[in-house]
Number of protein chains: 2
Amino acid sequence: MSDTFTISQLAAEFGVTPRALRFYEDRGLLAPARRGQARLYSRRDRARLALILRGKRVGFSLTEIAEMLNLYDLEDGQETQLRTALGKFRAQIAALEAQRRDIEESIAELHRACDFIETSLSERRERVVGRPVIGYAVMPTDRV
Amino acid sequence: MSDTFTISQLAAEFGVTPRALRFYEDRGLLAPARRGQARLYSRRDRARLALILRGKRVGFSLTEIAEMLNLYDLEDGQETQLRTALGKFRAQIAALEAQRRDIEESIAELHRACDFIETSLSERRERVVGRPVIGYAVMPTDRV
DNA sequence: GTTGACCTTGACGTAATCGTCAACCGGACC
DNA sequence: GGTCCGGTTGACGATTACGTCAAGGTCAAC
C-alpha cells in the first residue's frame with residue numbers, strides 16, 4: 001500500500017471515474033500535488049476523497065461539501081471563524097439527524113409493506129383469493 | 001380540513017411550487033382528478049405527495065419513487081409480481097440502512113470536529129495561542 | 001523510434017428537477 | 001363589461017454533476 005496514488009488508482013479504489021476527480025479539483029474539493037503535469041494524490045487527498053464521497057452519499061452538494069472541507073481546513077482561525085464553523089457543524093448535525101428520522105420512517109413503512117405482502121402471499125397459499133392486496137392499506141391517508 | 005385541495009393549497013402546505021406538482025404528474029407520480037381543467041387533489045393524492053417528498057428527502061430519484069409507488073399500487077397482483085415487489089422493497093430497506101450508517105458516521109465525525117473546536121476555543125481562552133487548530137487531526141488518514 | 005498505456009486540458013453534451021415566462025381560460029366581484 | 005385571481009399548457013432556461021470526445025504530452029517497453 002503506497003503513499004501516493006495516480007488518478008486512476010484512486011478512482012478505481014473508490015469506484016468513481018478520473019473525470020470525477022478532476023471535476024472535484026476544479027470545484028476546489030481536492031488539490032493534489034503534481035509531478036510534471038500529472039496529478040499525484042497523497043493519503044491526505046485520499047482521506048479527503050472519502051469524506052467527499054460520503055458527503056455526497058448523505059445528500060450534500062459539492063458546494064456544501066467544499067464549504068465544510070474548508071471549515072475543516074481552518075488551521076489557525078480567528079475565534080469568530082471557529083465559532084462560525086462550530087455553528088455550521090452543529091447545523092449540519094441537526095440536518096443529518098432529521099434526515100435519519102426520515103430514513104427510519106421510510107424503513108418502517110417499507111417494513112409494513114413487506115409484512116403486508118408476506119401476509120397476502122400466505123393467505124393466497126391458503127386459497128383465499130380475489131381480494132385487494134396492497135392498495136393504500138399500507139399508506140397513511142391522514143397522518144402526514 | 002377539507003377533503004380535496006387545489007394545486008396551490010397542496011403546494012403551500014408542503015412547501016413546494018405548483019410547478020413541481022404538475023411536474024410530478026407529468027412523470028406519473030400523481031394523477032389528481034379534474035374539475036373541468038383544474039386539478040383536484042384528494043387525501044390520497046396528498047398522502048402520495050407526502051411519500052414522494054420523503055422519498056426525495058432520503059435521496060431517491062423521481063423515477064425510483066415512481067417505481068415504488070407503482071409497487072404500492074398493486075391491487076391484486078400475480079404471485080410473481082408480489083414476490084418482485086417484496087424483493088425490491090427489501091433491497092430498498094437495505095439501501096436505506098446503509099445510508100443510515102453513512103449518516104451516523106457523518107454525525108460522529110461532525111461531533112468530533114465540534115469537540116475539537118470547543119477544546120481549542122477553551123484553550124485559546126487560557127492564552128495558549130499560535131498553534132494549529134483543526135487541520136486533519138479530526139480527519140482519518142488511514143481508515144477509509 | 002514507435003507503440004501503447006496513461007495522463008493532460010478544453011469544449012461540448014446530457015439527465016434530472018424544476019423555475020420562468022408567455023399566452024390563454026373561467027369564474028367571482030364591482 | 002371589465003378586472004382580478006387562480007388555474008391551464010407549452011416552451012425555454014438554469015443548475016448540478018458529471019460523460020464524452022478531441023487533441024495532444026510523457027514515459028517505459030519492445
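Chain letters run A, B, ... following the sequence lines, proteins first, then strands; residues in each count from 1.
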- Query: In terms of hydrophobic clusters joined by side-chain contacts under 4.5 Å, are A:Leu40 and A:Ile7 together?
  - Reply: no

- Message: Rounded to whole Å, how long is the line connecting atom CD of A:Glu25 with atom P of D:dA17?
- Response: 17 Å

- Message: Please pick, from C:dT8, C:dC18, D:dG19, the nucleotide with the shortest atom-to-atom distance to any side-chain atom of A:Arg19.
- Response: D:dG19

- Task: Go through C:dC18, D:dC18, C:dC6 for me and flag the one nearest to the A:Ser8 side chain.
- Result: C:dC6

- Presence of B:Thr6 side-chain N/O under 4.0 Å of D:dG6 phosphate oxygens OP1/OP2: no

- A:Arg35 atom CZ, neighbour heavy-atom count above 12 within 6.0 Å: no

- Query: Of the nucleotides D:dG7, C:dT8, C:dC18, which has the atom closest to the B:Leu62 side chain?
  - Reply: C:dC18

- Query: Rounding to a whole Å, what distance do you find between B:Arg57:CZ and C:dT17:P?
  - Reply: 15 Å

- Item | Distance, rounded to the nearest Å, where B:Tyr24 contributes OH and C:dC18 contributes C1' | 8 Å

- Task: Starting at atom CZ of A:Phe23, determine the distance to atom C1' of C:dA15, rounded to an integer number of angstrom.
- Result: 14 Å

- Note on the structure: Rounded to whole Å, the CD1-C1' distance (B:Ile65 to C:dC18) equals 14 Å

- Note on the structure: One should read off an interatomic distance between A:Gln99 CD and B:Ser106 OG, to the nearest 0.5 angstrom, of 9.0 Å

- Message: Base, sugar-phosphate or nothing for A:Arg22? Non-hydrogen atoms, less than 4.0 Å.
- Response: base

- Message: Expressed as a whole number of angstroms, how long is the span from B:Leu21:CG to D:dG7:P?
- Response: 11 Å

- Residue A:Arg27, side-chain heavy atoms: nucleotide from D:dG7, C:dT8, D:dT16 that is nearest: D:dT16

- Task: Flag the pair B:Arg54 and A:Glu104 as a salt bridge only when some basic side-chain nitrogen lies within less than 4.0 angstrom of an acidic carboxylate oxygen.
- Result: no

- Atom CZ of A:Phe60 and atom P of D:dT16: how far apart are they, to the nearest Å? 16 Å

- Query: Which one, C:dT17, D:dG19, D:dC18, comes nearest to the side chain of B:Lys56?
  - Reply: C:dT17

- Task: Calculate the interatomic distance between A:Leu40 atom CG and C:dT8 atom C1'; express it in whole Å.
- Result: 14 Å

- Identify whether any heavy atom of B:Arg35 sits under 4.0 Å from a base atom; if not, whether one sits that close to sugar-phosphate; answer base, sugar-phosphate or nothing. nothing

- Message: One thing to verify: whether A:Arg19 and A:Glu25 come together as a salt bridge, which I'm taking to mean a side-chain N less than 4.0 angstrom from a carboxylate O.
- Response: no

- Query: Choosing from C:dT20, C:dT17, C:dT9, which nucleotide comes nearest the side chain of A:Arg39?
  - Reply: C:dT9

- Side-chain N or O of A:Arg34 closer than 4.0 Å to phosphate OP1/OP2 of C:dT9: yes

- What do you reckon, are the aromatic ring centroids of B:Phe89 and B:Tyr72 less than 6.0 Å apart? yes

- Within the structure, does a side-chain N or O atom of A:Thr17 lie under 4.0 Å from either OP1 or OP2 of D:dG19? yes

- Message: By nearest atom, which of the nucleotides D:dC18, C:dC18, D:dG7 is closest to the B:Ala20 side chain?
- Response: C:dC18

- Query: Taking the side chain of B:Ser61 as heavy atoms from C-beta outward, which of D:dA17, C:dC7, C:dT17 is closest to it?
  - Reply: C:dT17

